[in-house]
Amino acid sequence: MLTLAILLALSGQPSAPLRVERDFTVAATSEVVATIAASCERCDWGVEGREGGLLEIKVDGRYSQHLALTRGGAAAEYAVMLGTLAPGTHRLS
């Protein structure tokens with residue numbers, strides 16, 4: 001199993017979609033887990049319309065899943081299964 005770590009902090013109201021990309025290499029066919037440390041300063045379960053934020057996750061340009069950021073302004077780790085990937089270089093965005 002290969003584990004990636006990514007740090008992402010969201011604050012304010014972005015005027016355009018935020019895009020983060022990270023290349024990684026898999027030496028052998030592996031189950032890959034990304035650990036995304038993220039925060040969402042504007043997310044607040046107590047305020048209607050600001051309950052959380054969503055990150056769209058893609059692997060090699062293909063949709064993988066959405067990650068709901070619901071833990072507020074302090075950075076929190078979210079483990080995300082990316083599935084089985086073949087050897088080679090891949091891109092997480």
Summary of salt bridge (Lys or Arg N to Asp or Glu O under 4.0 Å) pairs that have at least one residue in residues 72-85, sequence neighbours excluded: none
Which donor-acceptor pairs under 3.5 Å do the side chains of residues 81-93 make with protein atoms, sequence neighbours left out?
from, atom 1, to, atom 2, distance (Å)
Thr84, OG1, Glu31, OE2, 2.2
Thr89, OG1, Thr25, OG1, 3.4
His90, ND1, Asp60, OD2, 2.7
His90, NE2, Ala86, O, 2.7
Arg91, NE, Asp23, OD1, 2.7
Arg91, NH1, Glu21, OE1, 3.1
Arg91, NH2, Asp23, OD1, 3.2
Arg91, NH2, Asp23, OD2, 3.0

Any side-chain heavy-atom pair of Leu69 and Leu54 under 4.5 Å: no
Rounded distance (nearest 0.5 Å) linking atom CD1 of Ile36 with atom OH of Tyr78: 10.0 Å
Check against side chain to side chain contact (heavy atoms under 4.5 Å, CB included), Val33 and Val80: CA-CA 6 Å; Val33 177; Val80 178; over 6 Å; no
Residue pairs involving residues 53-76 (criterion ring-ring contact (aromatic ring centres under 6.0 Å, His included); sequence neighbours excluded): Tyr63-His66
